[in-house]
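Heads up: the structure comes next, in structure tokens.
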There are 2 protein chains.
Amino acid sequence: MAGKFKTKPKPVKAGAIRRRNVAKILKAAEDVFARKGFSGASTAEIARLAGVPKPNLHYYFRTKQALYEALLDRILEMWVEAMEELHPGVDPADALSRYVARKIDLSRRLPGPSKLWAMEMLAGAPHIGAFLRGRVRELVAEKSALVETWIEQGRIAPIAPAHLFFVIWAATQTYADFSVQMTSVLNRKTLDADFYDEARATITTLVLNGLGLKR
Amino acid sequence: MAGKFKTKPKPVKAGAIRRRNVAKILKAAEDVFARKGFSGASTAEIARLAGVPKPNLHYYFRTKQALYEALLDRILEMWVEAMEELHPGVDPADALSRYVARKIDLSRRLPGPSKLWAMEMLAGAPHIGAFLRGRVRELVAEKSALVETWIEQGRIAPIAPAHLFFVIWAATQTYADFSVQMTSVLNRKTLDADFYDEARATITTLVLNGLGLKR
DNA sequence: ATACAACTTGATCAAACGGTCAAGTTCTGA
DNA sequence: TCAGAACTTGACCGTTTGATCAAGTTGTAT
């Protein structure tokens with residue numbers, strides 16, 4: 001039998017209980033980390049929101065840091081995936097429209113990950129710096145090259161590809177990160193599907209017209 | 001003579017020492033609050049960064065909350081002011097170009113306020129909600145009306161004015177809030193003047209072309 | 001049925017937190 | 001010159017923090 005030669009007996013085998021509790025905790029943690037940031041969040045508040053005692057949280061996630069990184073792991077994949085909308089062979093106007101629509105949809109349906117990402121950036125990316133300098137850098141380089149070919153072929157107006165991405169990211173993610181500002185300023189209780197569609201339309205118009213593309 | 005009938009003897013008269021120390025503390029606080037948020041920041045870290053003992057910080061700012069609000073007071077005025085670039089009688093293309101340039105310049109020279117604002121929004125605007133529902137709402141209503149007249153006069157393409165503002169804010173402020181992401185992804189040590197000028201050019205292109213304006 | 005792994009939790013820890021205290025030292029106006 | 005205001009700071013307080021402990025209860029494979 002496999003002996004546990006370390007001080008901590010945390011199990012490896014997964015069960016239904018484990019999956020359910022881990023999911024509850026991750027969901028609560030996403031909310032609290034997104035509002036308070038890493039240092040501001042307390043494991044007690046996360047546990048309270050998840051409806052489990054604090055020691056139970058530490059049973060599944062040894063440290064606050066481990067919990068935070070588990071969340072980031074899930075989220076990072078989602079962001080990378082969305083960008084695959086831009087690939088060779090696709091029509092620039094179509095691809096960009098779809099990419100914007102997809103990013104707006106993520107901001108609407110899953111604002112938590114976007115806010116968590118924003119918190120991490122504001123804090124100086126202390127936990128995911130390596131990821132930025134690795135996978136994200138490669139992805140941006142690859143997609144920038146694609147945009148460059150579009151420019152060279154005269155299919156879109158000349159523009160700095162990296163800045164195009166920065167602006168699209170910002171414009172789409174602001175509808176998650178700054179949603180409180182929008183409800184407050186526009187005096188709305190919630191932001192409905194129509195609102196997000198206006199956002200999508202506005203950003204699409206600016207990007208496509210901005211690049212000299214037809215709608 | 002005016003008696004101090006409350007328990008706290010904090011002075012009212014301003015001196016050179018006071019001004020200098022308050023400035024040191026506010027500068028340090030801006031940095032720490034921007035990185036950690038309100039709940040995540042500690043007065044001890046702010047005091048350390050400011051180079052004063054913690055009790056001295058509390059001598060000038062009774063509570064962490066008071067320090068935070070003093071910062072927000074300074075910052076909010078700056079944001080309102082920049083928006084005055086858009087006023088009746090000005091040419092839309094000129095006004096929008098100047099507004100974007102000014103916001104990018106703020107992101108470059110004073111990233112702290114932008115990050116602090118972003119932190120406050122992510123946290124759910126617990127401290128400045130009233131300001132958003134008051135002054136900012138009025139300002140957006142006023143400037144939206146101006147944009148509407150431009151649309152009615154056929155001077156710019158039809159667009160939802162509020163969304164135009166949200167996108168411009170996001171696109172410009174991302175160069176302060178997410179600067180870490182940009183240095184990491186682009187493998188640069190710092191973001192120089194040229195970089196910010198590319199940003200300004202990109203956003204201006206997208207906005208002006210996007211609205212059907214000439215450059 | 002039973003034995004062991006998986007899970008639960010009240011109580012508790014040292015450290016860090018926001019904030020205070022009181023006893024100083026330095027500055028400034030008359 | 002000197003008194004009072006302004007400023008400084010080591011020591012400290014009660015609370016909350018992340019994390020642990022140990023003694024449980026529940027789930028499950030045989």
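Protein chains get the first letters and strands the later ones, always in sequence-line order, with residue 1 at the start of each. Computed from a prediction, not measured in an experiment: that's the story for all the values here.
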Exercise for review: Under 4.0 Å from any atom of DNA chain D, heavy atoms only: list the residues of residues 46-57 of chain A that qualify, in numerical order.
Suggested key: A/Lys54, A/Pro55
Review point. Which parts of residues 21-32 of chain B get close to DNA chain D, meaning a heavy atom less than 4.0 angstrom away?
Key: B/Asn21
Does [N] have its OP1 or OP2 closer than 4.0 Å to a side-chain nitrogen or oxygen of [X]?
X: B/Tyr60; N: D/dT8; answer: yes
X: B/Arg18; N: D/dC7; answer: yes
X: A/Arg62; N: D/dA19; answer: no

Between [X] ([atom1]) and [N] ([atom2]), how many Å, whole number?
X: A/Tyr59; N: D/dG27; atom1: OH; atom2: C1'; value: 11 Å
X: B/Arg20; N: D/dT8; atom1: CZ; atom2: C1'; value: 12 Å
X: B/Ile17; N: C/dT25; atom1: CD1; atom2: P; value: 16 Å
X: A/Lys64; N: D/dA19; atom1: NZ; atom2: C1'; value: 12 Å
X: A/Phe61; N: C/dT8; atom1: CZ; atom2: C1'; value: 16 Å
X: A/Arg19; N: D/dG27; atom1: CZ; atom2: P; value: 16 Å
X: A/His58; N: C/dT12; atom1: NE2; atom2: P; value: 19 Å
X: A/Gln65; N: D/dG18; atom1: CD; atom2: P; value: 13 Å

Exercise for review: Kindly say whether B/Ile168 contributes a backbone atom to a donor-acceptor pair with the side chain of B/Lys103 at under 3.5 angstrom?
Suggested key: no
Check your understanding: Is a salt bridge present between B/Arg135 and B/Glu77, judged by a nitrogen-to-oxygen distance below 4.0 Å?
Key -> yes
Exercise for review: Determine, for A/Lys115 against A/Glu30, whether the closest basic-nitrogen to carboxylate-oxygen distance falls under 4.0 angstrom.
Suggested key: no
Exercise for review: Could you tell me how the ring of B/Phe165 sits relative to the ring of B/Trp169: parallel (under 30°), tilted (30 to 60°) or perpendicular (over 60°)?
Suggested key: parallel
Review point. What class does the angle between the rings of B/Tyr68 and B/Phe33 fall in, given that below 30° is parallel, 30 to 60° is tilted and above 60° is perpendicular?
Key: perpendicular
**Study point:** Any side-chain donor near an acceptor of the partner, B/Glu120 and B/His127, under 3.5 Å
**Key:** yes
Practice item. Taking the six-membered ring of A/Phe38 (Phe, Tyr or Trp), confirm whether the NZ or CZ of A/Lys64 is under 6.0 Å from its centre and within 45° of its axis. Key: yes
Review point. When we call it a touch if two heavy atoms are under 4.0 Å apart, what does B/Ala66 touch: a base, just sugar-phosphate, or nothing?
Key: nothing
Practice item. Could you list the residues that satisfy salt bridge (charged side-chain N to carboxylate O under 4.0 Å, His left out) with B/Glu45, not counting sequence neighbours? Key: B/Arg35, B/Lys36
**Study point:** Closest heavy-atom pair and its distance - A/Thr205, B/Gly210
**Key:** CG2-O, 3.8 Å
